[in-house]
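Here is the structure we will look at, set down as structure tokens.
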Amino acid sequence: MAEDAGLDLVEISPNTDPPVCKILDLGKLKYANQKKAAEARKKQKIVEIKEIKMRPNIDTHDYDVKMKAMNRFFEDGDKVKVTLKFRGREMAHQELGMKLLLQVKEDTQTIAKVEAEPKLEGRQMMMVLAPRT
């Protein structure tokens, strides 16, 4: 029947009993599947991890600027990695850094959730926040 119509016999689901076959143009089927895959790729969002760097003794205005940038990243659907760098004697006052990261956590509580709690790695303290969906 497929040869008479000038088309191809395509096996749709081989595992069923009996196997399901359709008479159609294989070239058109491949083209349609390719278009569907391209459309799916176009619609997906790649989540990036943006990094915000701070110091423990950051001033209020600088902090506000960083928070504005962070809010913009969350609106775009990106994750934010907050990095706090300690230099010199700042290592002796790690509680200031923890206090600052907890302040960031509190300020972004409505729009973001904590993905990785603040932790110290060498001279850096890091925390990862993800936007709420």
Side-chain angles (χ1 to χ4, degrees):
M1 286 170 48
E3 283 179 18
D4 292 342
L7 297 170
D8 302 310
L9 183 67
V10 181
E11 193 173 29
I12 301 300
S13 53
N15 298 333
T16 59
D17 189 34
V20 178
C21 295
K22 275 187 180 178
I23 296 173
L24 47 86
D25 187 3
L26 187 62
K28 278 187 181 177
L29 178 70
K30 282 185 177 178
Y31 179 75
N33 288 343
Q34 190 178 7
K35 281 292 182 191
K36 214 181 283 181
E39 192 67 30
R41 272 196 308 272
K42 197 188 305 181
K43 286 184 181 176
Q44 67 178 284
K45 167 83 172 94
I46 298 155
V47 176
E48 291 182 44
I49 297 184
K50 304 285 189 173
E51 186 173 18
I52 297 282
K53 293 184 179 183
M54 293 186 193
R55 296 278 309 281
N57 56 350
I58 191 168
D59 198 36
T60 54
H61 179 264
D62 297 332
Y63 176 79
D64 293 339
V65 170
K66 301 274 187 187
M67 291 307 292
K68 251 185 222 172
M70 225 181 283
N71 290 337
R72 194 174 65 244
F73 293 151
F74 289 135
E75 286 168 12
D76 293 342
D78 296 324
K79 292 181 181 181
V80 176
K81 176 180 172 183
V82 183
T83 305
L84 205 65
K85 225 173 204 154
F86 293 101
R87 286 166 62 187
R89 290 193 190 139
E90 291 172 352
M91 282 299 287
H93 300 285
Q94 293 172 13
E95 71 278 355
L96 294 175
M98 186 58 85
K99 188 173 151 188
L100 180 65
L101 286 180
L102 292 176
Q103 179 68 39
V104 168
K105 181 179 173 181
E106 189 180 303
D107 289 348
T108 60
Q109 199 168 19
T110 56
I111 57 171
K113 60 181 181 278
V114 178
E115 203 166 79
E117 289 293 330
K119 65 174 182 268
L120 188 70
E121 291 180 0
R123 291 193 163 271
Q124 290 185 356
M125 196 175 277
M126 287 187 282
M127 172 170 83
V128 179
L129 299 164
R132 287 194 189 271
T133 50

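Heads up: numbering here begins at 1 and tracks the sequence.
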Fill in: Donor-acceptor pair between D107 and Q103 side chains, under 3.5 angstrom
yes
Worksheet entry | Test item: M67 and T108 side chains (from C-beta on) under 4.5 Å apart, heavy atoms | yes
Worksheet item: Which salt bridge (charged side-chain N to carboxylate O under 4.0 Å, His left out) pairs, counting each pair once, include a residue from residues 61-72, with sequence neighbours left out?
Response: none
Fill in: Closest contact, heavy atoms only, E11 versus P19
OE2-CB, 3.8 Å
Worksheet entry | Closest non-hydrogen atom pair, A130 against E115 | CB-OE2, 3.5 Å
Item to complete: Only pairs at least two apart or in different chains count here, so list each salt bridge (charged side-chain N to carboxylate O under 4.0 Å, His left out) that has a residue in residues 85-97.
Response: R55-E90
Worksheet item: Roughly how far, to the nearest 0.5 Å, is the CE atom of M98 from the NE2 atom of H93?
Response: 15.5 Å
Fill in: Distance-only side-chain donor-acceptor flag, Q124 / T83, under 3.5 Å
no
Worksheet entry | In one Ile/Leu/Val/Met/Phe/Trp/Tyr side-chain cluster, 4.5 Å: M91, L101 | yes
Discussion item. Looking at K50, is its backbone amide N or carbonyl O close enough to the side chain of D78 to form a donor-acceptor pair, meaning the two atoms are under 3.5 Å apart?
Written reply: no
Worksheet item: Does F74 share a hydrophobic cluster with V114, counting links as ILVMFWY side-chain heavy atoms below 4.5 Å and allowing steps through other members?
Response: yes
Discussion item. With side chain to side chain contact (heavy atoms under 4.5 Å, CB included) as the test, pick out the partner of R41 among K43, E39, Q44.
Written reply: Q44
Worksheet item: Can you find a heavy atom in the side chain of M54 that is under 4.5 Å from one in the side chain of V104?
Response: yes
Worksheet item: Which pair of non-hydrogen atoms, one from F86 and one from M125, has the smallest distance, and what is that distance?
Response: CE1-CB, 3.8 Å
Practice prompt. Would you give the length of the straight line joining atom CG of L84 to atom CE of M126, rounded to the nearest 0.5 angstrom?
Written response: 11.0 Å
Item to complete: Treating Ile, Leu, Val, Met, Phe, Trp and Tyr as nodes and any side-chain heavy-atom pair under 4.5 angstrom as an edge, say whether L102 and L120 lie in one connected cluster.
Response: yes
Worksheet entry | Spatial distance of atom CD (E75) from atom CD1 (I111) [nearest 0.5 Å] | 7.0 Å
Fill in: Heavy-atom check, side chain of L96 versus side chain of N57, under 4.5 Å
no
Fill in: Minimum-distance pair of heavy atoms, taken over all atoms of M127 and P118
SD-CG, 3.5 Å
Worksheet entry | ILVMFWY network linking V20 to I23, side-chain heavy atoms under 4.5 angstrom | no
Discussion item. If I compare all heavy atoms of L129 with all of A112, which pair ends up nearest, and what's the gap?
Written reply: CB-CB, 4.4 Å
Practice prompt. Could you name each residue pair satisfying salt bridge (charged side-chain N to carboxylate O under 4.0 Å, His left out) that touches residues 117-133, not counting sequence neighbours?
Written response: K105-E117, K119-E121
Worksheet item: Are any non-hydrogen side-chain atoms of D8 and L29 less than 4.5 angstrom apart?
Response: no
Worksheet item: Quick one: do Y63 and V80 end up in the same hydrophobic cluster if we chain Ile, Leu, Val, Met, Phe, Trp and Tyr together by side-chain heavy atoms under 4.5 Å apart?
Response: yes
Worksheet item: Does the side chain of L24 come within less than 4.5 Å of L7's, by heavy atoms?
Response: no
Worksheet item: Quick check: are there more than 12 heavy atoms from other residues, nucleotides or ligands sitting under 6.0 Å from NZ of K53?
Response: no
